[in-house]
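Everything on this sheet refers to the single structure shown next.
All heavy atoms count here, side chains included; hydrogens, waters and symmetry mates do not. Just so it is clear: chains get the letters A, B, ... in the order the sequence lines come, proteins before strands, and each one is counted from 1.
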Protein chains: 2
Amino acid sequence: MPKSPSPPAFETGLNGVESEFVRFFVNLATALGMPRSVGEIFGFLFSADSPTAFDEVVARLGISKGSASQGLRFLTQIGAVSQVYMPRDRRTFYEAETRMRQLFSNALRESVRPHLEGNSRLVASIESRIDEEAETLGSEAAEHFRARAASLRGWNEKALQLLPLLDKLFSLPAPFLPFQLNETGSSEETGP
Amino acid sequence: MPKSPSPPAFETGLNGVESEFVRFFVNLATALGMPRSVGEIFGFLFSADSPTAFDEVVARLGISKGSASQGLRFLTQIGAVSQVYMPRDRRTFYEAETRMRQLFSNALRESVRPHLEGNSRLVASIESRIDEEAETLGSEAAEHFRARAASLRGWNEKALQLLPLLDKLFSLPAPFLPFQLNETGSSEETGP
DNA sequence: CATTTGGTTCAAGAGTTTTTGAACTAAATG
DNA sequence: CATTTAGTTCAAAAACTCTTGAACCAAATG
């Protein structure tokens, strides 16, 4: 019989509270079109009170090493999780980014912004297509298409401009939220 | 040979410009985790210069009636497309909502807000789970979990508060965007 | 009132994404 | 240097999502 010098050490399965956290983030992840396992991992790490080893993520969540490896890599890439090196332990430990402001900024920078920039290019290719085919289309149709493309471009640019502002707003301490932006006239805020 | 009293009437396939619009919205749709066909339909309607019949959507895009039916229903539900009744024509015509402000508001109201509200409930259930299991967990662990849950709650509420503001900002004419929101003190804008 | 037209529904097929687990690499350990 | 441990990779299986098309319903038409 082989000796068991270091007992596998961690429980298997989650306690009730941990599974509620996991549920929350699984829900969020799927809403954002991410794999369930990514939600599980982040939820588990978010609920942990100290950095947690790869091993333990696998054992406690009961997912495969493959899923854990890929999920952790992904979460690390998007800056939602970071590696923590623990002295005297060869394993890699992981920690969730719990500062939501950070998470939010990362998401804006890593996902939203690149997409909007991609859109800009796509709008440009719509516009050049209109120019190319203007003859064939006739000037009325061409004008119509140009107007639609211009609207797309306008809104995409606006979104791009709004990005840094959004970032700031989100990191503003709650009592500062500028809720009286009411120079626009419409006053629907003052409830019954 | 059967007579052909009313020739099927519309071309099949899209012209170059139309397919660029479609490409744009297919890209957007998949980024948002929606079916490709939804992107196709919206893109096609967005490029159209007048309300378009179900028939024509099917024929021009070359998709099945099933996809068109479901896609149009979905788009109608989320307020991205509306039905237009045309006198003397029994078919239903559809028109894309081209006012991006509207589209954006609809999305906020129909998708983002409900999700955030769902989150509120999930946070509540995390919190009640902590209370239930407080004994078993020990006070230290319970305190830790409560802190994490509180952070979740806080950010979720902030997001919820920010929603109407966001809506307003997005509908603000471009030159008005309040880019000097700098009373917060932190000045990281002035480059190296 | 039989037929055509416009459209919906839904089961089955096609396609995609996620997860698994076994094979593997690399570093540490004895 | 043989073994154990930590983690990655990737092909195949499982799960899921989307699309199709045939059956169907309801309203209009002749």
Next on the checklist: Does a side-chain N or O of B:Ser67 approach OP1 or OP2 of D:dT20 to a distance below 4.0 Å, or not?
Outcome noted: yes
Checklist entry - Take atom CZ in B:Arg23; do more than 12 heavy atoms of anything else shown fall under 6.0 Å from it? => result no
Checklist entry - Are any of B:Thr92's side-chain N or O atoms less than 4.0 Å away from OP1 or OP2 of C:dG6? => result no
Item to check | Distance, rounded to the nearest Å, where A:Ile63 contributes CD1 and D:dG7 contributes C1' | outcome: 13 Å
Checklist entry - Can you name the ring pair (Phe, Tyr, Trp, His ring centres under 6.0 Å) partners of A:Phe25, sequence neighbours left out? => result A:Phe42, A:Phe46
Item to check | Of residues 73-90 of chain B, the positions that come close to DNA chain C - non-hydrogen atoms, cut-off under 4.0 Å | outcome: B:Arg73, B:Arg90
Item to check | Integer-rounded Å distance: C:dG7 P and B:Arg91 CZ | outcome: 7 Å
Next on the checklist: Quiz question: by atom type and distance under 3.5 Å, do the side chains of A:Ser125 and B:Glu20 form a donor-acceptor pair?
Outcome noted: yes
Next on the checklist: In this structure, how many angstroms lie between the C1' atom of C:dT5 and the CZ atom of B:Phe54, rounded?
Outcome noted: 12 Å
Next on the checklist: Under 4.0 Å from OP1 or OP2 of D:dT19: is there any side-chain N or O of B:Ser37 that close?
Outcome noted: yes
Checklist entry - Has A:Ser69 got a side-chain N or O lying under 4.0 Å from the OP1 or OP2 atom of D:dG7? => result no
Item to check | Close side-chain approach of B:Tyr94 to B:Thr76, heavy-atom, < 4.5 Å | outcome: yes
Next on the checklist: I want to verify a distance call: between D:dG7, D:dT19, C:dT20, whose nearest atom is closest to the B:Gln70 side chain?
Outcome noted: D:dT19
Item to check | Length of the line joining B:Arg36:CZ and C:dT17:P, which is rounded to integer Å | outcome: 12 Å
Next on the checklist: Just verifying a value: how many Å separate B:Glu117 CD and B:Asn156 CG, rounded to the nearest 0.5 Å?
Outcome noted: 9.5 Å
Checklist entry - Can you find a pair of side-chain heavy atoms, one from A:Val17 and one from B:Glu132, that are under 4.5 Å apart? => result no
Next on the checklist: In this structure, how many angstroms lie between the P atom of D:dT8 and the CG atom of A:Asp55, rounded?
Outcome noted: 11 Å
Checklist entry - Around A:Arg36, counting heavy atoms of other residues, nucleotides and ligands shown, do more than 12 lie under 6.0 Å from its CZ? => result no
Next on the checklist: Hydrophobic clusters here meaning ILVMFWY residues chained together by side-chain heavy-atom distances under 4.5 Å, can you tell me if B:Val22 and A:Ile130 are in one?
Outcome noted: yes
Next on the checklist: Is the shortest side-chain heavy-atom distance between B:Leu45 and B:Leu72 below 4.5 Å?
Outcome noted: yes
Checklist entry - Of the nucleotides C:dT8, C:dT18, C:dA23, which has the atom closest to the A:Lys65 side chain? => result C:dA23
Item to check | Candidate nucleotides C:dT20, D:dT20, C:dG7, ranked by approach to the side chain of A:Ser64 - the nearest | outcome: C:dT20
Checklist entry - Could you state the CD-C1' distance from B:Glu56 to C:dT5, rounded to the nearest angstrom? => result 17 Å
Checklist outcome for this item: Sorted by number, residues from residues 41-50 of chain A placing a heavy atom under 4.0 Å from DNA chain D are none
